S.K.: 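The structure under discussion is supplied below as structure tokens; questions concerning it will follow.
Computed from a prediction, not measured in an experiment: that's the story for all the values here.
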Amino acid sequence: MDFCLLNEKSQIFVHAEPYAVSDYVNQYVGTHSIRLPKGGRPAGRLHHRIFGCLDLCRISYGGSVRVISPGLETCYHLQIILKGHCLWRGHGHGQEHYFSPGELLLLNPDDQADLTYSEDCEKFIVKLPSVVLDRACSDNNWHKPREGIRFAARHNLQQLDGFINLLGLVCDEAEHTKSMPRVQEHYAGIIASKLLEMLGSNVSREIFSKGNPSFERVVQFIEENLKRNISLERLAELAMMSPRSLYNLFEKHAGTTPKNYIRNRKLESIRACLSDPSANVRSITEIALDYGFLHLGRFAENYRNAFGELPSDTLRQCKKEVA
């Protein structure tokens with residue numbers, strides 16, 4: 001199964017020691033540990049590209065490696081098997097499956113991973129922040145369960161008509177053009193909507209209304225005033241409803257509270273700026289204060305919880321790509 005998913009422009013390691021590959025993956029793609037068989041000298045390969053809030057990764061350890069992860073906390077992992085096979089062991093007793101080319105393993109944020117790669121196994125991984133899927137639910141007026149969005153682990157790419165071509169387009173866009181943050185955000189939203197539409201999940205896709213004027217009006221106001229201190233009272237007044245009804249409105253259409261929604265949108269906008277070379281960000285402190293984050297330690301913690309890395313990591317990667 002050979003697709004154009006990241007080429008030499010995104011190559012980080014070739015014929016590398018597996019632990020070096022693992023250390024890099026821990027920094028950008030997801031926390032894990034690896035166990036290598038005794039004997040042999042496996043040589044790993046890694047391609048990686050950051051595209052807005054997405055991490056795109058093509059990886060091969062070059063040996064039979066066991067990968068253990070405690071969970072991704074705030075991100076989903078889409079793992080497409082390109083070559084070889086990967087043994088997945090699930091939570092339940094006796095729950096396991098050999099993934100082969102053409103199959104997709106989807107790990108939810110709190111899923112513990114126990115994976116064993118074959119010697120010739122190669123994967124393409126997309127790390128997708130949970131806030132992107134939450135926003136896709138909101139944009140489509142679908143209902144997100146209170147416990148969060150969950151997918152089944154096993155899927156076949158035939159279920160996702162055109163999805164592999166979409167990923168190829170995203171990889172090409174990431175490697176060949178300097179897309180505006182808004183364009184990158186749209187691509188991430190398309191991927192999230194595609195997954196929610198075509199894969200089984202606990203999301204109710206029943207549309208509660210053909211657009212809700214009150215909710216749309218409030219969301220537009222938030223977008224236009226992200227750098228201001230937005231009070232719940234002002235939003236309730238704008239929606240012409242009580243604060244309690246405002247909470248119900250956001251629970252119904254966004255699956256979260258108004259306060260969390262506003263904070264997530266601020267964080268997403270900051271990440272877009274830090275990832276955009278043309279934004280000319282002078283300091284992380286300045287942009288955090290500009291969006292109303294007065295407690296910098298708490299801001300950094302919120303940012304890492306949302307995107308799996310510190311704001312300084314995002315800015316450093318942006319400058320590295322420009323250089």
Side-chain angles (χ1 to χ4, degrees), residues 27-30 48-56 72-76 109 126-139 170 173-174 177-192 218-232 234-235 250 254-323:
Q27 183 178 358
Y28 292 102
V29 185
H48 176 245
R49 181 73 62 165
I50 295 176
F51 187 66
C53 65
L54 302 176
D55 275 271
L56 311 170
L72 303 167
E73 296 185 355
T74 59
C75 295
Y76 294 79
V126 180
K127 185 178 79 171
L128 182 67
S130 56
V131 293
V132 179
L133 281 162
D134 293 346
R135 184 166 178 79
C137 272
S138 173
D139 290 344
V170 170
E173 187 81 10
T177 62
K178 292 185 178 180
S179 301
M180 298 294 291
R182 195 66 177 172
V183 173
Q184 298 172 356
E185 182 180 333
H186 281 317
Y187 272 115
I190 292 170
I191 290 175
V218 169
V219 167
Q220 182 179 355
F221 178 83
I222 292 172
E223 293 298 318
E224 293 172 353
N225 295 274
L226 276 178
K227 293 186 178 182
R228 298 183 180 181
N229 182 21
I230 304 173
S231 70
L232 299 184
R234 178 69 183 95
L235 294 182
F250 270 82
T256 189
T257 66
K259 182 178 178 180
N260 286 340
Y261 181 90
I262 294 169
R263 183 185 63 196
N264 289 337
R265 286 300 300 129
K266 286 176 180 281
L267 290 171
E268 289 170 358
S269 294
I270 290 174
R271 181 177 173 84
C273 289
L274 294 178
S275 303
D276 183 6
S278 65
N280 296 320
V281 176
R282 288 182 292 184
S283 77
I284 292 172
T285 298
E286 181 179 345
I287 194 171
L289 293 175
D290 201 26
Y291 277 86
F293 291 97
L294 304 182
H295 192 295
L296 298 180
R298 191 173 299 125
F299 159 70
E301 181 181 357
N302 289 335
Y303 189 97
R304 182 169 58 183
N305 288 338
F307 306 115
E309 65 182 15
L310 292 171
S312 57
D313 296 329
T314 306
L315 184 59
R316 187 183 306 113
Q317 181 64 27
C318 176
K319 291 181 178 179
K320 178 181 177 182
E321 292 182 0
V322 172

S.K.: A side-chain contact here means heavy atoms from C-beta on lying under 4.5 Å apart; do K259 and I262 qualify?
M.R.: no
S.K.: With a 4.5 Å cut-off on side-chain heavy atoms, are I222 and L235 touching?
M.R.: yes
S.K.: Looking only at heavy atoms, what is the nearest atom pair of A306 and L267, with distance?
M.R.: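 Smallest heavy-atom distance, with atoms named: CB-CD1, 4.2 Å.
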S.K.: Please set out all donor-acceptor pairs under 3.5 angstrom arising from side-chain atoms of residues 296-305, sequence neighbours excluded.
M.R.:
unit_1, atom_1, unit_2, atom_2, d
N302, ND2, R298, O, 3.3
Y303, OH, T314, OG1, 2.8
N305, ND2, E301, O, 3.3

S.K.: State, with a plain yes or no, whether a side-chain heavy atom of V132 is found less than 4.5 Å away from one of C53.
M.R.: yes
S.K.: For a quick test of reading the model, state the closest non-hydrogen atom pair linking A188 to L128 and the distance between them.
M.R.: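 Nearest pair, atom of A188 first, then L128: O-CD1, 4.4 Å.
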S.K.: Looking at E309 and R271, is any side-chain nitrogen of the basic one under 4.0 Å from a carboxylate oxygen of the acidic one?
M.R.: yes
S.K.: With side chains defined as the heavy atoms from C-beta onward, is the minimum distance between F307 and D313 less than 4.5 Å?
M.R.: no
S.K.: For the residue pair E173 and V183, establish whether any side-chain heavy-atom pair is separated by less than 4.5 Å.
M.R.: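 The answer is yes; the side chains approach within 4.5 Å.
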S.K.: Heavy atoms, side chains only, cut-off 4.5 Å: are R135 and E185 in contact?
M.R.: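 Touching, per the 4.5 Å side-chain cut-off.
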S.K.: Roughly how far, to the nearest 0.5 Å, is CG of D290 from NZ of K227?
M.R.: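 Answer rounded to 0.5 Å: 4.0 Å.
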S.K.: Search all heavy atoms of L232 against all heavy atoms of P258 and return the closest pair with its distance.
M.R.: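 Smallest heavy-atom distance, with atoms named: CD2-CB, 3.6 Å.
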S.K.: Between A136 and A192, which heavy-atom pair has the shortest distance, and what is it?
M.R.: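 Closest heavy-atom pair between A136 and A192: CB-CB, 3.8 Å.
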S.K.: Going from CG on D134 to OG1 on T256, what distance comes out if it is rounded to the nearest 0.5 angstrom?
M.R.: 7.5 Å
S.K.: Applying ring pair (Phe, Tyr, Trp, His ring centres under 6.0 Å), which residue pairs with at least one partner in residues 255-286 are found, sequence neighbours left out?
M.R.: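 For residues 255-286: F250-Y261.
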S.K.: If you take all heavy atoms of T74 and G308, which pair is closest and at what distance?
M.R.: OG1-N, 4.1 Å
S.K.: Indicate yes or no: at least one non-hydrogen side-chain atom of V126 is less than 4.5 angstrom from one of D55.
M.R.: no
S.K.: Between atom CG of L72 and atom OH of Y76, what is the distance when rounded to the nearest 0.5 Å?
M.R.: 10.5 Å
S.K.: Do I284 and L315 come close enough that some side-chain heavy atom pair is under 4.5 Å?
M.R.: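 Result yes, sub-4.5 Å side-chain heavy-atom pair found.
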S.K.: Distance from S275 atom OG to I270 atom CD1, nearest 0.5 Å?
M.R.: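 Result: 11.5 Å between the selected atoms.
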S.K.: Taking only residues two or more places apart in sequence or in another chain, which ones pass side-chain hydrogen bond (donor to acceptor under 3.5 Å, both in side chains) with R263?
M.R.: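 For R263, the residues satisfying side-chain hydrogen bond (donor to acceptor under 3.5 Å, both in side chains) (neighbours in sequence not counted) are N260.
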S.K.: Verify the neighbour count for atom CD of E73: are there more than 12 heavy atoms of other residues, nucleotides or ligands below 6.0 Å?
M.R.: no
S.K.: With rounding to the nearest 0.5 Å, note down the distance linking CZ in R265 to OH in Y291.
M.R.: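 Nearest 0.5 Å value for the CZ-OH distance: 9.0 Å.
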S.K.: Can you name the closest pair of heavy atoms from L56 and A174 and give their distance?
M.R.: CD1-CB, 4.1 Å
